[in-house]
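In this text, all values refer to a predicted model and were calculated from it rather than measured experimentally. The analysis underlying the following values was restricted to heavy atoms, covering all of them including side chains, and did not include hydrogens, waters or symmetry mates.
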Amino acid sequence: MSYTRSSPFLASIKDRYRVNREDVPRQTWHVAIDLSGSNIQYQPGDSIAILPDNDLGKVEKILSHLRATGEELHEGVPLREYLLKKANIITPTKRLLETLK
């Protein structure tokens, strides 16, 4: 099977640690991912996308505060899905906050 952005392989993180010092503003992490069962042949230098979902409980709290059902469309996507899969709800951008007004 070929995995893509729309059909990803759901892997788990085996190990992760920060590579640079705490006083450096930009964070760089070493991440070891378990690709067992994927048949993916990862070689050093290859790239991989990590597409995490936001916490569903936090998304539901945001929807509750907005008095939204989650079915409202945002950029052509239901708001619940947008908040779960696309939005940075941990450190939201000014654009996201303006959108949610």
Side-chain angles (χ1 to χ4, degrees):
M1 171 170 201
S2 180
Y3 299 103
T4 64
R5 184 178 202 72
S6 59
S7 179
F9 176 74
L10 301 178
S12 60
I13 296 174
K14 292 182 359 181
D15 188 26
R16 79 177 188 122
Y17 55 87
R18 190 169 175 169
V19 176
N20 54 352
R21 298 184 326 255
E22 292 291 325
D23 62 334
V24 177
R26 191 169 192 106
Q27 296 181 16
T28 303
W29 292 83
H30 168 86
V31 180
I33 299 171
D34 184 359
L35 298 175
S36 300
S38 70
N39 270 346
I40 294 173
Q41 299 297 313
Y42 181 78
Q43 300 296 319
D46 288 350
S47 63
I48 191 166
I50 298 175
L51 306 169
D53 287 351
N54 287 311
D55 181 88
L56 183 58
K58 290 179 181 172
V59 168
E60 293 299 333
K61 281 185 179 181
I62 292 169
L63 292 172
S64 175
H65 284 281
L66 294 172
R67 294 187 179 106
T69 66
E71 298 306 312
E72 300 82 358
L73 292 182
H74 176 72
E75 297 182 6
V77 177
L79 184 56
R80 178 178 286 104
E81 182 180 340
Y82 177 81
L83 292 171
L84 188 64
K85 297 188 179 290
K86 297 183 182 289
N88 180 348
I89 63 173
I90 303 304
T91 52
T93 63
K94 184 176 180 180
R95 179 174 171 241
L96 176 61
L97 294 175
E98 290 293 323
T99 298
L100 296 177
K101 277 187 175 181

Show the nearest heavy-atom pair for residues Leu63 and Thr69, with the distance to one decimal. CD1-O, 4.5 Å

CD1 of Ile48 to CZ of Phe9: how many Å apart, nearest 0.5 Å? 9.5 Å

Least distance between heavy atoms, Tyr17 atom then Trp29 atom: C-CE3, 3.3 Å

Value rounded to 0.5 Å, distance of CG in Leu83 from CG in Asp55: 12.0 Å

Just to verify, what does Lys14 make a salt bridge (charged side-chain N to carboxylate O under 4.0 Å, His left out) with, not counting sequence neighbours? none

Minimal heavy-atom distance between Ile90 and Lys58, with the atoms involved, is CD1-NZ, 4.3 Å

Restricting to ring-ring contact (aromatic ring centres under 6.0 Å, His included), what partner residues turn up for His65, sequence neighbours left out? none

With sequence neighbours excluded, residues passing salt bridge (charged side-chain N to carboxylate O under 4.0 Å, His left out) with Arg21: Asp23

Any pair with a residue in residues 35-50 that passes side-chain hydrogen bond (donor to acceptor under 3.5 Å, both in side chains), sequence neighbours left out, goes on the list, sorted by first then second residue, please. Asp34-Ser36

Nearest heavy atoms of Ala11 and Leu35, plus distance in Å: CB-CD2, 4.3 Å

For Ser7, the side-chain hydrogen bond (donor to acceptor under 3.5 Å, both in side chains) test, sequence neighbours excluded, returns none

Does one hydrophobic cluster hold both Val19 and Ile13, with members joined at side-chain heavy-atom distances below 4.5 Å? no

In terms of heavy-atom contacts, Asn54 and Ala87 come closest through ND2-O, 2.6 Å

Report the distance from atom CG of Leu79 to atom NZ of Lys86, rounding to the nearest 0.5 Å. 13.0 Å

Considering all heavy atoms of both residues, which atom of Pro78 and which atom of Leu73 are nearest to each other, and what is their separation? N-CD2, 3.7 Å

Euclidean distance, His30 NE2 relative to Asn20 CG, rounded to 0.5 Å: 14.0 Å

Would you say CZ of Arg18 has more than 12 non-hydrogen atoms from neighbouring residues, nucleotides or ligands within 6.0 angstrom? yes

Can you list every salt bridge (charged side-chain N to carboxylate O under 4.0 Å, His left out) pair that touches residues 68-80, not counting sequence neighbours? Glu60-Arg80, Glu71-Arg80, Glu75-Arg95

